[in-house]
Participant: 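For reference, the structure I am asking about is given below.
Here the structure is a predicted model, which is why all the values come from computation and not from measurement. Residue numbers start from 1 in every chain, and the chains themselves are labelled A, B, ... in the order their sequence lines are given, proteins ahead of strands.
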Amino acid sequence: DIQMTQSPSSLSASVGDRVTITCRASQTINTYLNWFQQRPGKAPHLLIHGASTLQVGVPSRFSGSGSGTDFTLTISSLQPEDFATYFCQQSYTLYSFGQGTKLEIK
Amino acid sequence: QVQLVQSGAEVKEPGAAVKVSCKVSGYTLTELSIHWVRQAPEIGLEWMGGNDPEDGKTTYAGKFKGRVTMTEDTSTDTAYMELSSLRSDDTAIYYCAADGRYIHGWYGPAFDPWGQGTLVTVTS
């Protein structure tokens, strides 16, 4: 099984900050990496697929990069609605998720 | 617009089975790849299994093999996930999700959209 490790597990930031979340796969997954946002009490919502392709309707302040085993999600200027939990997911061999990064207001 | 609507919350005793439904609208179920993911507070998101509409095959995660069955009723565009021999650590929110490749034409699998989730509580 492919293990996905996210860091940090939690992050405090302020509106307007630039933040980066990383995700590492236990083996190469090419660019079969997706990012989700989850707000409390809601289902995960797809932000980015294929490591860097923004889902339609997702603000351009979100971006993704990486290939192989190391990936990043960047939010260029945090907005109040961005404070949520973020998950990465590999879809190279079956599917597995990172443990999540909780983004909190400082 | 594709929407997935799940059945309501369930409370079950240990050893029982639960069957959760996922009604598809805006698309035909036979053209979709439906997956099931669960989320427990200390465990995070776990993929349980899903189907491939190209060959009709359903693949289950090793952890759940022998306990989970995923089926479809194409007459009502409804997918089902049944989990048997329930234990307290099966208490979780269960989600269905569609593989967006078959809706949006992406090259790689990605889950979008998702159902709203179904809370399954296992308690004696």
Participant: Decide if atom CD of Gln1(B) counts as having more than 12 heavy atoms of other residues, nucleotides or ligands within a radius under 6.0 Å.
Facilitator: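 No - once you tally the heavy atoms of other residues, nucleotides and ligands closer than 6.0 Å, there are 12 at most.
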Participant: By a 4.5 Å heavy-atom criterion (distance strictly below it), what part of Gln99(A) contacts chain B: side chain, backbone, both, or neither?
Facilitator: neither
Participant: What option among Pro44(A), Gly100(A), Ser96(A), Ala43(A) has the most heavy-atom pairs under 4.5 Å with chain B?
Facilitator: Pro44(A)
Participant: Taking atom CG of Asp52(B) as the centre, does the number of heavy atoms from other residues, nucleotides or ligands within less than 6.0 Å exceed 12?
Facilitator: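 Yes, the 6.0 Å shell around CG holds more than 12 heavy atoms from other groups.
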Participant: Show which residues join Tyr95(A) in its hydrophobic cluster (side-chain heavy-atom contacts under 4.5 Å, direct or indirect), or state none.
Facilitator: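 Under the 4.5 Å side-chain rule, Tyr95(A) groups with Phe36(A), Leu46(A), Phe87(A), Leu94(A), Phe97(A), Val37(B), Leu45(B), Trp47(B), Ile93(B), Tyr95(B), Trp106(B), Phe111(B), Trp114(B), Leu119(B).
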Participant: For the hydrophobic clusters of this structure (ILVMFWY residues joined by side-chain heavy atoms under 4.5 Å, transitively), does one cluster hold both Ile34(B) and Tyr27(B)?
Facilitator: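 Shared cluster, yes.
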Participant: With side chain to side chain contact (heavy atoms under 4.5 Å, CB included) as the test, would you mind laying out the steps for Lys42(A) and Gln116(B) before giving the verdict?
Facilitator: CA-CA 7 Å; Lys42(A) 299 293 186 182; Gln116(B) 82 276 20; over 6 Å; no
Participant: Out of curiosity, does Leu33(A) fall in the hydrophobic cluster containing Tyr107(B) (side-chain heavy atoms, cut-off under 4.5 Å, transitive links)?
Facilitator: yes
Participant: Can you confirm whether Arg24(A) is buried at CZ, in the sense that more than 12 heavy atoms of other residues, nucleotides or ligands lie under 6.0 Å from that atom?
Facilitator: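 No, CZ of Arg24(A) has 12 or fewer neighbouring heavy atoms, counting only those of other groups under 6.0 Å.
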Participant: Shared ILVMFWY cluster between Tyr102(B) and Val2(B), side chains joined below 4.5 angstrom?
Facilitator: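 Cluster IDs for Tyr102(B) and Val2(B) differ.
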Participant: Tell me the residues of residues 50-74 of chain A whose non-hydrogen atoms fall below 4.5 Å from those of chain B, in number order.
Facilitator: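 Within residues 50-74 of chain A, the residues that come under 4.5 Å of chain B (heavy atoms only) are Gly50(A), Gln55(A).
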Participant: Taking Val120(B) as the starting point, is it possible to reach Tyr80(B) by hopping between hydrophobic residues whose side chains are less than 4.5 Å apart?
Facilitator: no
Participant: Hey, could you give me the OG/CZ distance between Ser91(A) and Arg101(B), rounded to the nearest 0.5 Å?
Facilitator: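 If I round to the nearest 0.5 Å, the distance is 7.5 Å.
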Participant: According to a 4.5 Å side-chain heavy-atom criterion applied to Ile, Leu, Val, Met, Phe, Trp and Tyr, with indirect links allowed, do Ile21(A) and Ile105(A) form part of one hydrophobic cluster?
Facilitator: yes
Participant: Are His49(A) and His104(B) close enough that some pair of their side-chain heavy atoms sits under 4.5 Å apart?
Facilitator: no
Participant: Count the heavy-atom pairs under 4.5 Å between each of Gly49(B), Pro109(B), Gly62(B), Ala110(B) and chain A, then report the option with the highest count.
Facilitator: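 So the answer, after comparing Gly49(B), Pro109(B), Gly62(B), Ala110(B), is Pro109(B).
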